[in-house]
Number of protein chains: 2
Amino acid sequence: MSDYSIRSVPQQSRSQERVDSILGTAADLFTEVGYEAATTNAIAERAGISIGTLYRYFADKDAILRALAARYHREEQALFDQVFTDDVGYLPLPVLLDRLIDPFLDLYCGCPVYAHILLGTDVSADIAAASQEIEQEVIERLADIMQKVAPQIDARQARLTAVICKSAVKSLISLRSSSNDEDFRVQITSEIKQMLLAYLEKVLDETESQERHRTPRGKARTGRRR
Amino acid sequence: MSDYSIRSVPQQSRSQERVDSILGTAADLFTEVGYEAATTNAIAERAGISIGTLYRYFADKDAILRALAARYHREEQALFDQVFTDDVGYLPLPVLLDRLIDPFLDLYCGCPVYAHILLGTDVSADIAAASQEIEQEVIERLADIMQKVAPQIDARQARLTAVICKSAVKSLISLRSSSNDEDFRVQITSEIKQMLLAYLEKVLDETESQERHRTPRGKARTGRRR
DNA sequence: CTCCGAATTGAGTAATCGCTCATATTTTCC
DNA sequence: GGAAAATATGAGCGATTACTCAATTCGGAG
């Protein structure tokens, strides 16, 4: 340790550990008692550090939640990148739904605080705004997928359908975190998927028949754009 | 029942007016800035009374929200009583959906704080528990209606379907209160109804065919475990 | 008008929370 | 070893909040 080889790697890696530890503890406390009720002193104590140290790494309490929201955003984007492959438009609907839903369920299951952020339960205005931005992004991603699945669909309907799908999954997350009964979770998951399947089949059916019967008036019936 | 922790029994008609005034102001403030951020002093000031007077009528801050939740519960029950008529089982599904959904949308639109209570956004544990109780009641009411619409359905599936319907309407409330764009609200309302319609048609279709084929067990589409 | 209880008032209290900073400890590097 | 820099500590500060209570006003009966 007396070599002057690397500048401050030990410091950095230790710092990162500290940050992660704080984030993990905070996430646990937030989900247990809510954001407001989770005091910074309690977070520090449970993380095994002093309150002063906590404030060396985070400017204020909100910054902790912001960091968690950022991590959530990152992981969610990674999931989407994984899902959004070339063949996404050619998958049977039930398979597509599983592909779209299951990884996200795992995400929220593995880190329940993400559900809090998503559902906007008991968060500051800043976080709520950030969360809404993330959701907007999700809607656009889903709309893109809709366009791949049904190229004949118009952009407006694709967005609308995306909003509905996102909402349904949000409901599913909410329902799943409202109960500890694993059986109920399985049933409700299957049921929401059934609902989405029925809805999507109906939407696709209607846009397809619109296409077949020739566009009723003029042009620009089929969405393009993008 | 009937203990909202109101301190003073209305000896004068003036008292009831006061209580209503406090409740109305509190409801406004709660929806504007949230429950935590709405201080009792601010409620009193806006209601044009002193903080002392407020505490003559309500034991503590939570009692105000509890009174609002009780009012919400009462109005919701009244709506259900109105909807749950004898012919409810014979209505075409789209009509039934309108009958079930539209009055509730009006309720939440007329008093947005009800949406806060329903969605559990930023409320105390007590209120969240009370809200969950109300929701449980809603599920049972909906399950009853499901049994009337489709007598061949089994109780378990009826409850499951009720949970889904309640969730979907909850989503709709959430979506509608997330935007001020009236056009969006109309579209999203129609779309959620479409989704529910597709889902209910599917559920009824499956239970009917189950009935016809006399297969109480076995080739059910919804995977049965246990 | 006088008197008295009920209603109202709002400055003040106790408790809590986010956050600071002077001090103490550890690490780095010669 | 030892100076200096980096990091950690936690008592305590200031601000905020729900809530109290002694003082004051109101209203109506005699």
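In what follows, every heavy atom counts, from backbone to side chain, and hydrogens, waters and symmetry copies are set aside. Just so it is clear: chains get the letters A, B, ... in the order the sequence lines come, proteins before strands, and each one is counted from 1.
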Legend entry - With sequence neighbours excluded, residues passing side chain to side chain contact (heavy atoms under 4.5 Å, CB included) with B/Ser124: B/Asp62, B/Asp126, B/Ile127

Inset, instruction - Would you kindly give the OH-to-C1' distance between B/Tyr55 and C/dA11, to the nearest whole Å? - result: 15 Å

Inset, instruction - With A/Leu54 as reference, evaluate A/Asn41, A/Thr25, A/Ile64 under the side-chain contact (heavy atoms from CB on, under 4.5 Å) test and give the passing residue. - result: A/Ile64

Inset, instruction - Just jot down the ring pair (Phe, Tyr, Trp, His ring centres under 6.0 Å) partners of B/Tyr199, sequence neighbours excluded, or say none. - result: none

Legend entry - d(CD, A/Glu36; C1', D/dA18) in whole Å: 15 Å

Inset, instruction - Identify, with sequence neighbours excluded, every residue that meets salt bridge (charged side-chain N to carboxylate O under 4.0 Å, His left out) alongside B/Asp20. - result: none

Inset, instruction - Please tell me which of the listed nucleotides, C/dG18, C/dG10, D/dA8, lies nearest to the side chain of A/Ser50? - result: D/dA8

Inset, instruction - Compare side-chain N and O positions of A/Tyr57 against OP1 and OP2 of D/dA8 and report whether any pair is under 4.0 Å apart. - result: yes

Inset, instruction - Would you kindly compare A/Tyr35 and A/Gly52 by the position of their nearest DNA chain C nucleotide and give the one closer to the 5′ end? - result: A/Tyr35

Inset, instruction - For A/Arg56, enumerate each residue passing the salt bridge (charged side-chain N to carboxylate O under 4.0 Å, His left out) test, keeping only those at least two apart in sequence or located in another chain. - result: none

Legend entry - Along DNA chain C (nearest heavy atom to each residue), the more 5'-positioned of A/Ala37 and A/Ala59: A/Ala37

Inset, instruction - Give a yes-or-no answer on whether the side chains of B/Glu76 and B/Tyr114 include a donor-acceptor pair shorter than 3.5 Å. - result: no

Inset, instruction - Could you work out which one of C/dC19, C/dG10, D/dA18 sits closest to the side chain of B/Ile51? - result: C/dG10

Legend entry - Whole-Å gap separating C1' (D/dC19) and CD1 (B/Ile64): 12 Å

Legend entry - Listed nucleotide nearest any side-chain atom of B/Arg56, set C/dA7, D/dC19, D/dG10: C/dA7

Legend entry - Side-chain N,O (B/Arg18) to OP1/OP2 (C/dA7) below 4.0 Å: no

Legend entry - Those residues of residues 40-49 of chain B lying under 4.0 Å from DNA chain D by at least one heavy atom: B/Thr40, B/Asn41

Inset, instruction - Measure the distance from NZ on B/Lys61 to C1' on D/dT17 and round it to the nearest whole Å. - result: 8 Å

Give the table of side-chain donor-acceptor pairs shorter than 3.5 Å for residues 161-171 of chain A, with sequence neighbours excluded, one pair per line with atom names and distance.
from     : atom 1 : to       : atom 2 : distance (Å)
A/Thr161 : OG1    : A/Gln157 : O      : 2.7
A/Thr161 : OG1    : A/Gln157 : NE2    : 3.1
A/Lys166 : NZ     : A/Glu135 : OE1    : 2.7
A/Lys170 : NZ     : A/Glu135 : OE1    : 3.3
A/Lys170 : NZ     : A/Glu135 : OE2    : 3.0
A/Ser171 : OG     : A/Ser167 : O      : 3.3
A/Ser171 : OG     : B/Ser171 : OG     : 2.4

Inset, instruction - May I ask you to evaluate whether A/Thr53 reaches the phosphate of D/dT9, defined as a side-chain N or O under 4.0 Å from OP1 or OP2? - result: yes

Inset, instruction - Among D/dT7, C/dT9, C/dC17, find the nucleotide with the atom closest to the side chain of A/Thr39. - result: C/dC17

